[in-house]
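Order of the sequence lines fixes the chain letters, A, B, ..., with proteins taken first and strands second; residue numbering starts at 1 for each chain. Side-chain atoms are counted along with the backbone in the values below, which use heavy atoms only and exclude waters and symmetry mates.
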Amino acid sequence: MLKKLFNGTLRPEESVLLRKNLTRGFVNFVRYFFLLALSYVVLFQLLYMISYSLRPESDMYNPSVVWIPSEITWHNFDVAIKALNYVDAGLVSLWLGQVSAMIEVFVCAVVAYGFARFEFGGKNFVFFLVLLTIMIPVQMLVVPTYLNYSHFDILGILNQFRQWTGIDLRPNIVDTAWTFYLPSFFGVGVRSGLFIFIYRKFFESLPRELEEAAYVDGAGPMRPFLSVILPSSGVVFLTVTIFSVIWHWNENYMAGMYMVDNKPLAVMLDTFSSAAKNVGGDSRNSRMAACLLFIAPVLVLYMFLQRKFVQSIDRVGIVG
Amino acid sequence: MKKSLKDFSQKKRMYGRMFILPWVIGFIIFFLIPVVQSLIFVFSKVSIGDTNFDTEFVGLANIRYIFFESAKYVDNLYDALISFSYSIPLVVALSLIVGVLLNQKFRGRIVFRSIFFLPVIIATGVVMTYIQGDATAEAMRSGSAEMSTNGIDVTAILQGMHLSKEITNFLVDFVNRIFDLFWDCGVQIVLFISGLQSIPEQLYEVCRVEGANKWEEFWYVTFPMLSGTTILVIVFTAIEVFTDASNTVMRQAYTAMQQQIYDQSAAMLWVYFALVGAILGLVILFLQKAVFSKWAT
């Protein structure tokens, strides 16, 4: 066809086809070029971490070593595991962060169901407050919250009791898992507002008929939620769970403030440099090894769920 | 019959309140009370004792302090707002482009989607600090910009163009940031893809029948249908940039907090928050009134 083009013997319908093919080729080229360039930005960093964590420190001053280490060493990982206190801190991350994530995933769904399916006075205002909780950063709240946690009290009841009787029953919940469980349990945990938003949009897109049928049969409000909504919301649950798991795993700001003895991995990573000095070497290599060890569990989990997750994004459908 | 219907709707109203009741309690205990307390800090002198904190009302003294006596607050605020003003449009535009590209059908899109979500996992605040700290150190060690992400010595080119120093710095920062900014796009891309998926296919069919090209299709269908998602993404990005630990104001406030100067750090954060909130509110209002509503008719 190109030959004909140069000879000038191209018929009109062929020229239309040629133009179409060329356009498609060009669009494909631009698309792949752009996506590959951006993928490179991400994968470069991952390879960089792997390459640096496997090489001895002496390779840093060896100009012939760019990507492939002169010898493979596990020394950096040894340092990182010791300095991070990897197993213990990892377990703290699990029972502190991941349990809290599971609570959050469920509670936010319940709250969002209330917003999605029922009409009541002040609903819009309350939902505005939900969005407000996403907008105000935790950094602004962390100091008063810390002080409140050290004398935990629900709406001043126990304080009243103390003033009447002189007995202080207010528990100190700093350095306990309650600092994470309680907010999650009440739907104001790590980025809960965003999850309530996502759930609500999804629930609103589900048909109401099945729930109505359950009500006609005389079921209470929890029944339709548990037996109709939950089974048909697998996709949105997967999306929210993945986000919640990752954000809880990475949370180091609040955990650094509230937890003293039981520090999760994210906090240990934050203070890695000084800890590594005590166990035989804070170098770029050991820092990269620590970063890799930190993201490894989430990365592995993501690899297993990635196909499902990528497909589920298609079906969650967030409409403004 | 009529009575039972009324009963039912009343009952449903009660059910609704029941479902959100836990959230309201949580909101008051874990959000409203700390917010009010931190606002009180702004106008008080805070002294922390062993068991409790005492506040003494001092009016606007803290705000006066951070603006007129604090060494760096105004500069930091200025820097933060500047980086804010270009980060958000760039992140939103970049993630919209990537979202649209990944939403099309082509070979390997599952692989690309999986890769593009990786920043959400890798680019946590802490890991990112180590990575970026290292890239800078590396570039300094080798004495060239070899390892830095853009690889071209933009500074020299710009200086050759005899631009003023401020513009040069701004542009260099800008180019360097584009690559860094991609790390902040993970969640936004996911939000855009799922927004794109919810656009009904019929609208595109109408477009094709009417003979619109892809470009028109994007501006007359895709973009207006994404208005809600876009606003969500803008807000989300704003919060990310706003609370980023490497942000100049955040860093100053955090340092003050570590020195237990809670009143001034609260003032720094609230002034910053109020400014950002006001700007963001205006931007969203403008988008809704002037941009998105144009297409609504």
Side-chain angles (χ1 to χ4, degrees), chain A residues 28 31 34-35 38-39 41-43 45-46 107 110-111 113-115 118-120 126 129-130 133-137 139-141 143-145 147-148 154-155 182-183 186-188 194 221 246 250 252 266 269-270 284 287 291 294-295 298-299 302 306-307 310 313-320, chain B residues 12-13 15-20 22-27 29-31 33-35 37-38 53 98 101 106 110 112-115 118-122 124-127 130-131 134 137 149 179 182 190-191 193-195 197-198 227-229 231-232 235 239 242-243 250 253 257 262 269-270 273:
Chain A
N28 263 329
R31 173 194 295 146
F34 189 70
L35 292 180
L38 287 178
S39 306
V41 175
V42 178
L43 294 179
Q45 220 43 266
L46 207 56
V107 172
V110 173
V111 175
Y113 181 68
F115 280 115
F118 301 99
E119 293 304 325
F120 48 89
V126 180
L129 293 180
V130 171
T133 60
I134 324 178
M135 289 180 214
I136 293 196
Q139 281 87 341
M140 285 164 89
L141 308 179
V143 174
T145 309
L147 294 168
N148 292 343
I154 295 169
L155 305 177
L182 279 176
F186 286 105
V188 281
L194 185 69
I246 291 174
N250 294 343
N252 73 308
L269 185 67
D270 199 20
R284 185 177 325 153
R287 280 197 294 262
C291 287
F294 174 70
I295 59 174
V298 193
L299 213 55
Y302 177 62
Q306 135 310 99
R307 187 162 269 272
V310 168
I313 297 170
D314 275 354
R315 282 180 285 155
V316 171
I318 300 161
V319 204
Chain B
K12 281 197 84 172
R13 215 170 294 154
Y15 289 163
R17 293 211 175 95
M18 241 170 61
F19 273 103
I20 65 159
W23 185 85
V24 173
I25 296 172
F27 174 79
I29 299 177
F30 298 103
F31 189 82
I33 293 177
V35 165
Q37 280 172 335
S38 128
F53 60 90
V98 174
L101 284 179
F106 62 96
I110 300 269
F112 279 120
R113 279 194 190 184
S114 311
I115 293 174
L118 284 179
V120 180
I121 299 175
I122 303 173
T124 79
V126 187
V127 176
Y130 285 120
I131 291 175
D134 273 7
T149 28
F179 286 93
F182 179 64
V190 173
L191 291 176
I193 291 177
S194 94
Q197 284 294 326
S198 65
S227 58
T229 317
I231 288 179
L232 177 69
V235 173
I239 299 155
F242 173 64
T243 59
M250 245 25 196
M257 246 186 242
Y262 297 122
L269 288 176
W270 274 102
F273 176 71

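Ring pair B:Phe19/A:Phe118 is parallel by interplanar angle, where below 30° counts as parallel and above 60° as perpendicular.
Options A:Val107, A:Val110, A:Val298 differ in how many heavy-atom pairs under 4.5 Å they form with chain B, and the most are formed by A:Val110. The greatest number of non-hydrogen atom pairs below 4.5 Å with chain B, out of A:Leu299, A:Val143, A:Asn28, A:Leu182, is found for A:Val143. Residue with the most contacts toward chain A among B:Ile20, B:Ile239, B:Ile115, B:Leu118: B:Ile20 (heavy-atom pairs, distance under 4.5 Å).
Side chain of A:Tyr302 to main chain of B:Ser114: a donor-acceptor pair is present (N/O by atom type, distance under 3.5 Å, no hydrogens or angles).
Taking all atoms of both residues into account, the shortest heavy-atom contact from B:Gln197 to B:Arg113 is NE2-NH2, 4.3 Å. Residue B:Thr229 comes nearest to B:Leu191 through the heavy atom pair CG2-O, 3.5 Å, listed as atom of the first residue, atom of the second, then distance.
Checked against side chain to side chain contact (heavy atoms under 4.5 Å, CB included), A:Val130 has the following partners two or more places apart in sequence or in another chain: A:Phe115, A:Phe127, A:Ile196, B:Trp23. For A:Leu141, the side chain to side chain contact (heavy atoms under 4.5 Å, CB included) partners at least two apart in sequence or on another chain are A:Ile136, A:Thr145, B:Phe31, B:Pro34, B:Val35.
The parts of B:Phe106 that come within reach of chain A are both its backbone and its side chain, each placing non-hydrogen atoms under 4.5 angstrom from that chain. For A:Leu129, the parts sitting under 4.5 Å from any heavy atom of chain B are the backbone and the side chain alike. Residue A:Asn252 touches chain B through its side chain alone, counting heavy-atom pairs closer than 4.5 Å. Contact of B:Phe27 with chain A is made through backbone and side chain together, with heavy-atom distances under 4.5 Å. For A:Leu194, the part lying near chain B is the side chain, with the backbone staying farther off; criterion is any non-hydrogen pair under 4.5 Å.
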